[in-house]
Each structure stands twice: as structure tokens, then as C-alpha cells.
Amino acid sequence: GYMHPKGFTETLKGARAAFDLGESFGFNLTLLDIGGGFPGNDNTAVTFREIAIAMAPVLDELFPPSVQLIGEPGRYFAAD
């Protein structure tokens with residue numbers, strides 16, 4: 001439930017650090033769960049579209065195309 005796209009992009013940087021740590025121990029990480037908390041309507045401080053626009057270039061920069069992305073869009077689907 002971040003109220004600014006930067007919260008989502010900063011979290012991706014933390015995920016990259018976790019990937020790097022795992023790789024330093026010899027793991028080959030191939031799946032990134034970007035979580036949830038995405039707003040389900042446009043009456044919020046930040047919209048899903050704004051989040052997606054902010055996240056896309058950061059994902060491209062930090063993770064290779066071989067990393068599969070999944071998300072948990074519960075609130076996105078359940079919101080009124």
C-alpha cells in the first residue's frame with residue numbers, strides 16, 4: 001500500500017541485493033515475486049498505471065529477461 005511509486009522501485013533495489021547475496025552463495029535465482037499492494041482504482045494517491053510506469057525501467061535495469069516475474073494483485077482485483 002505505498003502511496004508513491006518510489007516505494008515500489010526502492011523495494012526492487014532491495015530484491016536485487018537479495019538476488020546478489022543468493023548468487024554469492026551459488027544459487028541461481030530465476031523468479032521474482034514483486035508482491036502486491038497495488039491500488040485497484042484511480043481514486044488513490046498513486047495509480048496502478050503510475051506504479052507500472054515507474055517499475056518497468058527499474059526491472060529492466062536490475063533483472064535480466066531470464067528472471068520470471070510474478071505478482072500478487074489481490075487488492076487490485078478486490079478493490080471497489
Side-chain angles (χ1 to χ4, degrees):
Y2 292 120
M3 294 298 137
H4 192 278
K6 186 174 182 177
F8 291 90
T9 58
E10 289 300 312
T11 301
L12 294 175
K13 294 175 186 176
R16 178 71 257 175
F19 265 60
D20 292 342
L21 181 62
E23 290 169 358
S24 76
F25 286 101
F27 292 98
N28 179 27
L29 303 175
T30 60
L31 177 70
L32 175 63
D33 183 343
I34 61 172
F38 305 111
N41 59 51
D42 290 336
N43 301 323
T44 56
V46 62
T47 65
F48 179 76
R49 178 176 169 74
E50 291 168 326
I51 294 166
I53 288 170
M55 288 179 74
V58 177
L59 286 166
D60 288 342
E61 174 188 341
L62 298 179
F63 297 96
S66 59
V67 172
Q68 181 183 4
L69 300 175
I70 62 171
E72 302 164 23
R75 182 183 318 167
Y76 179 78
F77 290 120
D80 58 346

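Because the structure is a prediction, the values reported are computed rather than measured.
Sorted pairs that involve residues 50-72 and meet salt bridge (charged side-chain N to carboxylate O under 4.0 Å, His left out), not counting sequence neighbours, are lacking altogether. Sequence neighbours left out, the pairs with a member in residues 15-29 that pass salt bridge (charged side-chain N to carboxylate O under 4.0 Å, His left out) are Arg16-Asp20, Arg16-Glu23.
In this structure, Ala54 and Val58 approach most closely via the heavy-atom pair O-CG2, 3.6 Å. Shortest non-hydrogen contact noted between Pro39 and Phe48 is CG-N, 3.7 Å.
Every residue two or more places apart in sequence or in another chain was checked for a side chain to side chain donor-acceptor pair (under 3.5 Å) with Thr44, and none qualifies. Judged as a side chain to side chain donor-acceptor pair (under 3.5 Å), and not counting sequence neighbours, Arg49 has no contacts. Remark: Phe63 pairs with Phe19 by the ring-ring contact (aromatic ring centres under 6.0 Å, His included) rule, at least two apart or across chains. With sequence neighbours left out, Lys13 forms a side chain to side chain donor-acceptor pair (under 3.5 Å) with Glu10. With sequence neighbours left out, Thr30 forms a side chain to side chain donor-acceptor pair (under 3.5 Å) with no residue at all.
The line from NZ of Lys6 to OG1 of Thr11 is 11.5 Å long, rounded to the nearest 0.5 Å. Taking CE of Met55 as the start and CG of Leu62 as the end, the distance is 10.5 Å to the nearest 0.5 Å.
In this structure, Leu12 is not a member of the same hydrophobic cluster as Ile53, with clusters built from ILVMFWY side-chain heavy atoms closer than 4.5 Å.
Applying the under-4.5 Å side-chain rule to Ile, Leu, Val, Met, Phe, Trp and Tyr, the cluster around Leu31 extends to Ile70.
A 4.5 Å side-chain heavy-atom check between Leu59 and Leu32 finds at least one atom pair inside the cut-off.
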